[in-house]
Each structure stands twice: as C-alpha cells, then as structure tokens.
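Below you'll find the structure, written out as structure tokens, and then a few comments.
Every value quoted in this text rests on a predicted model; they were computed, and no experiment measured them. Chain letters run A, B, ... following the sequence lines, proteins first, then strands; residues in each count from 1.
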Amino acid sequence: MARADSGRMERLSSIMRRRGIVAPAFETYGGVAGLVDYGPLGASIRRRVIDSWIEYWSSFGDILEIESPTLTPEEVLVASGHVGEFNDLMTTCNSCESVFRADHLLEGSVGDIDGLSAVEISSSLAKDGITCPGCGGVDWSECVPMNLMFKTSVGAMSRGRTAYLRPETAQGMFMQYPMLYRHFRQKLPFGGIQTGKGYRNEISPRQGMIRLREFTMAELEYFFDPEEPPVGDDGDWSTVVQMIPSSTGQMARMSVSVALSKGLILHPTVAWFMARTLELVRSLGVDPSRLRFRQHGQDEMAHYASDCWDCELHGEHGWIECIGIANRTCHDLEQHATHTGKGDFRAWRAFVEPKKVRVDKWFPVQSAIGPAFKSLASEISEAIGELDKMPESLPFKIRLKDGTETTIEEGMAERRTEDRVVTGEWYTPHVVEPAFGIDRIIWHILDHAYEEIEKDGNRYSVLRLPQSTAPFDAVVLPLFDKDGMGDMAKTIADILSKARGLKIQYDNSKSIGRRYARADEAGIPWAITVDHQSLKDGSVTLRRRDDGKQVRCNKDDLQSVLLSQGSNIDF
RNA sequence: GCGAGCGUAGUGUAGUGGUUAUCACCCCACGUUGCCAACGUGGGAACCCGGGUUCAAAUCCCGGCGCUCGCACCA
C-alpha cells in the first residue's frame, strides 16, 4: 500500500502515546505483544464508541443487549466448530524451514483430514511423499497443534473442566437464543447484541492495535425466518462507496441499494445490515471515501458462513478488515441443537392458513410384531409407517433395507384414516451477524480524524473527532488564572460535568493559544473561555475546534448548546 | 515460528569503551504577557531486562523481552 507520507503514522502513534490514548500494555515489564492499554483519553473514546454502538442498535426496538461470560466450556466451542478450526496442525519443512498448515498440505491425498491425530497426519505426510510447496523437499518436522484459543480449566486442580477464553462473543448469544426467543414473545425477527473482550492467541501479532490477542468486539446476531428475510428502509442505502464483489474481484463504486439490486449482495438482510453499518460507522467518524465492502470468496469464508462481506477501512496500515457482515445461516443453532439434543434452538412458523392434512396410514401393532419378528421388529414397524404405496388390505409385503421382503400378516397392522389440522412448523432460524472489531475501528476513527495543517509555518495537529466519540465534549479555560476568572471557569466546568452525558476538562496552565492547541490535538470539539467580560455579564466565548470560530454565549446556555452538539447556536 | 534491522526522559533524538548522558518539544513553579503552540528564571524527567568481557559498558559479546520490516500464519 503506497504511503503518501511515511512520517504521518509515526507522528500519529507518537501523539497517541503522548496524550494517553493507547500504548503497549505492561511496558515496564517489557511489554507483551498484542496487548494494549487505553489511557485516560483513549478509554474515554473507547467508552463512547461502544456506547454509540449500543445506542444505535438499541434504537430499533427489536434488538437488545445481553451479556455472557468470556470463559466458555469446551463443549460449546466443539459444537460451534472452533475447537476443530482453531487447532491447526503446523509443520515445518526441514530443508527450507517454511511453515505450513499440515491439513492444507494433505488436501486431495487424504479423505477425512479432520478426524486424524497429529501423529497420523505426521505419518501421512511422510508416507504419501508430500512435497514442500516452497523447495520441493520431502522432509517434514513433527506436526505441532497451533491453538489459537487460550485454554484454561474451570474448577479445582485436575478435576477442572476444560474451557477457553471466548474467541468471539457470538456463542454467548447463541446460548441465549432461547431466552431471547421467549423475551420477544416467540416472534422473529429479533437480535441480540453484545460487546466485550475476545481472545485469540495470535502467532505473531503485528501492527499495533490491528492484531491484538485480547480485543474488544461488538457483535450483533439477528435471527430471522429464512423464508421471510427481513429488510428495512433505515440505514444508509444511498451513499456511494467502494465495493469489491467476489464474482469479479474488481472494485466498483456503488451504493448498497444498487449492489443489492444488481444481485452482487446475495442476501437482502445482509444488504440491510451493510446499510445500517455504513450509517453507524459514519456517525462514529469514519470517512466513507476510505471505506470499502469486500465480499469473501468461497475459499476464504469462515467455517460457519454462507455469504460474507467485510467492511474494510483504509488507514496508515492500508486496507484493514474492521467489520464482518456474515450470513451464518442456521449453522450455529443447528450445531447446538444436535450437540445438546435439545429443541430449544428453533422457532415456530405458523401457517397463514392452517393446513388440513388427511392421514391415511398403516400403523404397526406392536404387540403382534414384537413376538413375531424379535430383533427385526423395530425396523419393520418403521417400514410399515413409511410405506409409499398404500396396500388396500392385509396381508401385504414390505421391503426391508437389505432388500428382503417380509409378509405382514393379518393383525400385525391396522389402517387409520383421520383429518388433522396443522397450524405451523418448527424451523431453525437463520442469523445475519455484523461483527465489529472495536479496536480496529477506533484506530481508523483516529486516523481519519487526524489532520496536520500548517499554521505560521509550523505543523499543527487537529483530531477532528465527532463530538460523540471525542474524549471530552469541551474544555473550560480561564483566559488568565486571576481576577476570579479561574474560579468562575472552575465553577462552570464543575456544573457542566454534572450534566448527564457530558465530559468536561478544565485547563488553566500556559497561554490561551497553547491550551487551544492542546485541546485541538486531543480532539476536544469545544473550548469555553472565561474572560474579563465574563466577570461582568456572565457571558463566555465558545470556540469551535474545526474552524477556530468563536461566539459569545451566556454561561447558562452552555449545557444545552453542548448537548445539542452546537446545533442550536449560530456561528 | 524463521531471517534482517532496531531498543537512550512523556515524545522525538545526539552520543561507537572513560561525558555531570546532548538537544528540542514536554511537564511543574514563579514572574511577565493578556484570545490561538509568546518570553524570562528555576526545576523535573531516560540508557529495555539479565549475564559476560574490561580497571571502566548506553557503547563490545551472549541470552531474554519488545518494536519494525520480509517470509509464514491470520475465526
């Protein structure tokens, strides 16, 4: 990825450390790759991004927040496929030292790779003479499982039950599907949202906040009836953004609405959530011209997905996947249904018109079949119930699985004819999942907001964050900390800080210009200055970060001005 | 996990065997100025960790940890 200005990333990272936004964690102990600290400003930004995210989805009424543990018992992740998928066996070519996934090497030469142990795969590599794609050698090291989940044990000592730190929040929501289903009065569609930490033991985390071992995810599972895929008209359907459909692999510019009508987006509900996602991330401060949707090809699809669009954001690290919008179909719920053997993971679909069904079947008479056929009895009973052609009368012959025919004598079966009313049926709901990588999004919000302008021949840094994701709403400044200006400013800051939803900073050190500059660099959208006139008439100046313009306003109006994000005042 | 480079105040850096560890921004105090990174004086703050070589190590060697880049990996 071409970088117009390679120094920009260094300066941006430098500001983020200096101003207490993000920094490597545990640095005094040498640091741990893939773990970061959010400092005072960063934690505030993160809090607001998460809150905005929760508020956005909660505003629709059919989506509610839930919360589930990060510790997840092994069985859940076996069912979801993560235990299998995340335990990749790695092998090294002893001649050229390249590392490969062993199962990928064996593809095509071994039938059922998933069922093989590490030892079996190691011997297969040697036995089948698999050559190294790099150097052509046939000298493989022992296969080593590469576990991308953090394993632990719940319970005392060796009696503990194996568990993992969750690799995604989604499974917790699938676990709560029955509770959500009841809450929503058994009517689909509905959704569950959750934010929280996820954990992946990456082999080599790089790129600062981009690949973390512990990271904040925000996921939405939207459950619906696949026969009636829901679409709403809210969201941003019209803004033209970059799209890379997998069919062409070529970048094109179009709106979500056009991409759906052209059939590039395969599923209308996926399109709907792409439109909503676009609206949401724009409000967080993402520049839509540096956003693109890229459709996954069949080969890179996750094990659970049937159609998936990544929302990638462009920043100093190039194009980075920040959000995945996947149609997970019925995969997860079905997996949990089969692994638990429970009927909790389904929904009832009522027919518009109840169907009248005439049942005309032969029913086995168990008391006669049992003694007559002994161990074959159950198979025969089943065969009687599933007869294609209805014999008119006894005796008749039925064909068993092994091809032999057996005669059903008088008294072994009876014919019943009845009319039944069927009002609906059970089905497994499908799920569309928008999954947001919050840390990656925060990085890009900062990147998109960061601007270097020239002022009096010097570089001047401004973080143009929207107020909703700025670390503070306003900074209150005494023009000079004397003659009572400092006290008045402090009082104003204290009062505003009490208002719900407002975060206010107070700064009285150094010249006024320097304090404006500090606030600009920290992304604070408003600066309130108490000057000599304030002492006389209670008015203050309100300075807008993005253009430096100032207006006078009464100190008592500040709260409503800030809460309206400046929309009720003229500049 | 492999290879290469790198690791000095909060940030960016100078320093290639002996320095009181350089400079700037920064932060604090006082004074001054009186609305967009002013100025003066004073102060604060660093050699990634461990071992070795040496009379002496930020500097040389070894190991660890971390960072950057390339290869590989990436639900």
Side-chain angles (χ1 to χ4, degrees), chain A residues 6-7 9-11 13-20 23-35 39 77 80-88 90-93 96-101 104 133-134 141 144 146 148-149 166-171 198-208 210-213 215 217 219 296 300-305 308 320-321 324 326 328 433 435 437 455-462 477-483 485 509-521 527 529-534 540-541 543 545 547-550 552:
Chain A
S6 65
M9 173 148 64
E10 279 68 49
R11 291 191 294 274
S13 306
S14 168
I15 284 180
M16 285 165 60
R17 283 169 162 242
R18 190 154 38 80
R19 303 313 296 257
F26 308 113
E27 235 187 340
T28 43
Y29 282 94
V32 180
L35 301 180
L77 296 161
S80 70
H82 285 91
V83 170
E85 293 291 322
F86 272 66
N87 280 288
D88 299 333
M90 304 300 291
T91 183
T92 308
C93 171
C96 72
E97 302 209 314
S98 305
V99 179
F100 296 95
R101 273 180 64 164
H104 285 184
S141 71
V144 182
M146 194 186 65
L148 289 183
M149 291 194 291
R166 66 182 175 197
E168 57 173 19
T169 65
Q171 295 311 318
Y199 303 83
R200 288 172 198 181
N201 202 358
E202 298 284 351
I203 308 162
S204 66
R206 297 267 172 95
Q207 302 173 294
I210 303 301
R211 279 181 70 194
L212 297 172
R213 289 192 163 121
F215 51 98
M217 336 178 77
E219 297 185 304
H296 278 205
E300 66 177 317
M301 209 88 79
H303 62 274
Y304 48 70
C308 183
I320 299 291
E321 171 197 348
R328 293 178 78 138
E433 174 198 81
K455 198 166 177 179
D456 306 326
N458 295 313
R459 184 155 32 221
Y460 189 93
S461 306
V462 191
L477 315 165
L479 185 56
F480 305 105
D481 194 356
K482 63 177 190 184
D483 302 335
M485 284 183 265
S509 74
K510 291 289 162 68
S511 75
I512 190 69
R514 175 182 297 277
R515 283 177 280 159
Y516 287 146
R518 273 202 283 244
D520 287 344
E521 194 179 76
T529 305
V530 173
D531 56 17
H532 293 98
Q533 194 181 330
S534 310
V540 295
T541 64
R543 172 186 180 273
R545 175 196 63 205
D547 57 8
K549 278 192 184 163
Q550 278 178 291
R552 282 207 88 78

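Contact check, A/Arg518 against B/rC27: a side-chain N or O comes under 4.0 Å of OP1 or OP2. A close approach under 4.0 Å does not occur between any side-chain nitrogen or oxygen of A/Ser511 and OP1 or OP2 of B/rC36. Contact annotation: A/Arg17 side-chain N/O to B/rU11 OP1/OP2 distance is under 4.0 Å.
Nearer to the 5' terminus of RNA chain B, by closest-nucleotide assignment, is the contact made by A/Ser461 (compared with the other of A/Gly34 and A/Ser461).
Between the side chain of A/Arg543 and the base of B/rC36, a donor-acceptor pair under 3.5 Å is found. You'll find a donor-acceptor pair under 3.5 Å spanning the side chain of A/Gln550 and the base of B/rC36, going by distance alone. With hydrogens and angles left out, the side chain of A/Tyr516 and the base of B/rC35 share a donor-acceptor pair within 3.5 Å.
Across the C1' atoms, B/rU16 and B/rU59 are found 6 Å apart, a figure rounded to whole Å. One C1' atom belongs to B/rC28, the other to B/rG18, and the distance between them is 34 Å to the nearest Å. Spacing between B/rA57 and B/rC23 at atom C1', rounded to whole Å, works out to 23 Å.
Between B/rG10, B/rC35, B/rA37, one nucleotide has an atom nearer to the side chain of A/Arg18 than all others, and that is B/rG10.
Between the side chains of A/Arg19 and A/Ser461, no donor-acceptor pair is found at a separation under 3.5 Å.
Across the strands present, B/rC35 finds no partner; the criterion is a Watson-Crick or G-U wobble pair with both atom distances under 3.5 angstrom.
Between the C1' atom of B/rU32 and the NZ atom of A/Lys510 lies a distance of 13 Å, rounded to the nearest Å.
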